[in-house]
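As a basis for the values below, the full set of heavy atoms in this structure was taken, side chains included, without hydrogen atoms, waters or symmetry mates.
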Amino acid sequence: MHYTIANPSSYGIHSYTPALPSYSKERRQNSLEELASAIETLHTIDASKLNAQNAYIYRLLLPYLENEQSGSLLYFYANPLSPSSGMQSQLPILLAEYAFRSKQDIEDYLALLDQTDSYFEGIVSYLKDQSAQGLFMPDYSVDKVIAQCDTIMDSNSLESGRHFLNTTFEERLDGLMEQDIITEKEKAAYLSENSRLLNTVMLPAYQKMGDELLLLKGSGKNENGLSYYPNGKDYYLYLIQSNTGSYRSIKEIKLLLLQDFEKSFQSMRSLLQSNPGLLSSAGLVPSPFTYSEPADMLKNLQQMMAADFPALSDVAENNMPVCTVKSISKNLQEYCSPAFYLTPPLDDNKENVIYINPKNNPYGVELYTTLAHEGYPGHLYQTVYSQLFFQKTGINPIRCLLSYGGYVEGWAMYVELKSYDYAKTLMKQSAPETEALYELYKLDRKIQLSLYSLLDIAIHYEGATYAQAHKMLSSVGISEPSTTRSIYEYIVEEPTNYLKYYLGYLEIIHLKSEAKKLWGDGYSEYRFHKFYLENGPADFTNLQLQLKQPSPSNSPANQISQRLHQPLGYFYSFVIFCSFLFPVSQPFSQYIHPQKGFPALLLSAYP
């Protein structure tokens, strides 16, 4: 709730108890009953009697909840302690970024900290039930999580007060002191209580969880993908719909990915034929990028996107949001992705922050495209435009509680790839030779995502083993066992993650193609982007249906013509949106010979 709304009373919530969702069989049963009741209620509604806006919400809500119900029947297939995204690493980051706006926020934070022992006890109870059903994680994942438990809550840094949950807590208290919300004496008392809870509650909770995992190690029955579990394929289909918002069949998704892979592969081959210098190490050294500072890059991105994206000023009235770029604290760098944007509450999106991880040291065009993904026209712009549009038009806020990873991450990938073209334009005069190089980077990014998405399906739905995945990767030149093993384990541990990004992107491209056919001469990039921003978050089936609905957003009579805008932008949901590193060490261009065609082995390597 704290990440979703800043002022609960403005939504009619006048009293609440801060609580972490500890697992129990009783709680799970109550959730299942509530979900069934909600679906039953929805089925009693005559959708034909709803107005257009409510009918759209109904079309979104019913399949969303029905899919969640199907997933809840496979409850023990989820892994809350995934090495890459589990709560052992996510909870401390969420705590470190928990905004302090008042004394009550501090009290709530400390109350949550005091519950971490019971919260982890609930996770352990879940894992024991999961293990009893033969669904526990493989040993290689257990080893990673145990190592994280040992390092994230380091007793030495906690004892000395240098742990990031000490330092970030004090930084937030200092902010309240500057506003005269708390006194120096109150700050000292809060610091003492925070330190006590970290050492007497949170540290022992992590230590105990590590010990429990050690006892459970060896009970996992499967080191491969979901298809090796009894109902693993059903769970995978649920994840695809839940995480991507795509209702395509596996066959359709594979065809879409394979066609895209071949197109990008052949484009790269043609590019290398035309620019053989790119095959040498000297040809891969870029000229200095025009901008080096994140603030300058974000300003340029706003200028580049202005003609093709609706301006925030259209929906922001007099309350224009601002954006700050910060470096992630040294204490957090080991546990954070290269960059992330923490979504603001629905009712307080004026202040927005993009965090850059200096440990990954992105610079030049890499930093530029990362900021496009996280900022403009990516997550930050999409988030705030959607929130402001909802507020201005009075759309039911239940829309903001529906999570569609493909809608969100697909958009960020879509604009990230578009930003390579912005970079080409930017460098055209000063370094025209970078045009081919930036196109190579763009194709490389697409090929990686296509390949890993195909691998995701092969591993989780078609039963590809590590040996078969290694063969598939070797067919495009990635043959180092340590690299292929790393890729395989990551995909096993994070099913549908790559699909969330890339299938989401491909669905947007398909939706764009449909809009061009439907709108004909009335099509413009501006009009399509406006439609996408104002009709989400949503699954792609409903977006296609909405495309055909007559509405002010997409009718030619009310179309807003293309014009230059200066967005000062930003999106929705209480999760952290991250740029992620792919577990591959070299670009694909080094493996693609200009005279060789599409690797047929990629097709034949499926089990």
Side-chain angles (χ1 to χ4, degrees), residues 42-43 45-67 240-249 251-253 255-256 259-260 308-310 314-315 377 382 385-386 389-390 392-396 398-411 413-415 418 500 502-562 571-572:
L42 283 174
H43 278 297
I45 295 174
D46 184 352
S48 66
K49 296 182 179 180
L50 299 174
N51 63 32
Q53 196 56 246
N54 282 333
Y56 185 46
I57 294 174
Y58 182 89
R59 293 203 313 269
L60 289 169
L61 196 57
L62 187 57
Y64 183 93
L65 293 181
E66 287 178 335
N67 189 52
I240 286 180
Q241 293 189 6
S242 179
N243 291 339
T244 73
S246 175
Y247 294 156
R248 294 177 185 268
S249 68
K251 184 178 180 180
E252 287 179 293
I253 294 171
L255 182 61
L256 202 63
Q259 289 173 338
D260 179 79
D308 293 333
F309 294 82
D314 290 349
V315 288
Q382 184 191 33
Y385 185 94
S386 297
F389 176 74
F390 279 19
K392 184 176 181 179
T393 55
I395 289 175
N396 193 318
I398 196 172
R399 288 261 302 272
C400 300
L401 295 179
L402 305 183
S403 177
Y404 298 95
Y407 175 88
V408 173
E409 296 297 355
W411 171 268
M413 187 53 56
Y414 167 76
V415 298
K418 184 180 282 289
K500 178 170 61 179
Y502 207 62
L503 179 57
Y505 160 74
L506 293 177
E507 287 283 11
I508 292 173
I509 296 301
H510 177 76
L511 188 68
K512 194 173 186 177
S513 176
E514 292 294 306
K516 289 178 180 178
K517 294 176 186 176
L518 187 64
W519 297 342
D521 293 340
Y523 176 85
S524 69
E525 293 285 281
Y526 178 93
R527 183 181 177 189
F528 174 73
H529 296 150
K530 182 177 174 65
F531 164 82
Y532 189 85
L533 291 166
E534 295 180 359
N535 285 279
D539 62 83
F540 290 103
T541 297
N542 270 304
L543 283 171
Q544 287 199 49
L545 291 173
Q546 196 71 356
L547 195 66
K548 300 171 184 177
Q549 298 293 319
S551 71
S553 176
N554 61 22
S555 64
N558 294 292
Q559 180 186 356
I560 301 175
S561 62
Q562 283 204 126
F571 185 50
Y572 113 95

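- No donor-acceptor contact under 3.5 angstrom links the side chains of Glu409 and Tyr407, judged on distance only.
- For Phe389, there are no ring-ring contact (aromatic ring centres under 6.0 Å, His included) partners at least two apart in sequence or on another chain.
- Judged by distance alone, the side chain of Trp411 and the main-chain N or O of Ile508 form no donor-acceptor pair under 3.5 Å.
- Thr541 approaches Tyr247 most closely through the heavy-atom pair OG1-CD1, 3.4 Å.
- Between Ala55 and Leu50, the shortest heavy-atom distance links the atoms N-CB, 3.8 Å.
- In terms of modelled atom types and a separation under 3.5 Å, the side chain of Arg59 and the main chain of Asn542 share no donor-acceptor contact.
- Proximity of Arg248 to Phe540: side-chain heavy atoms (C-beta onward) are nowhere separated by under 4.5 Å.
- No donor-acceptor pair closer than 3.5 Å links the side chain of Tyr58 to the backbone N or O of Ser48.
- Here the shortest heavy-atom pairing between Pro537 and Phe390 reads CD-CZ, 4.2 Å.
- Applying the side chain to side chain contact (heavy atoms under 4.5 Å, CB included) criterion to Ile509, with sequence neighbours excluded, gives Tyr414, Tyr505.
- Although no hydrogens or angles enter the test, the distance criterion places a donor-acceptor pair under 3.5 Å between the side chain of Lys392 and the main chain of Asp314.
- Among all heavy-atom pairs drawn from Arg399 and Gly536, the shortest one is NH2-O, 3.0 Å.
- In this structure a side-chain-to-backbone donor-acceptor pair under 3.5 Å is present from Tyr56 to Asn535.
- For Asn243, the side chain to side chain contact (heavy atoms under 4.5 Å, CB included) criterion is met by Leu239, Thr496, not counting sequence neighbours.
- Closest heavy-atom contact between Leu60 and Ala538: CD2-CB, 3.5 Å.
- The closest side-chain donor-acceptor pair between Tyr385 and Glu534 falls under 3.5 angstrom.
- Contact record, Leu547 with Ala515: CD2-N, 3.7 Å, taken as the closest heavy-atom pair.
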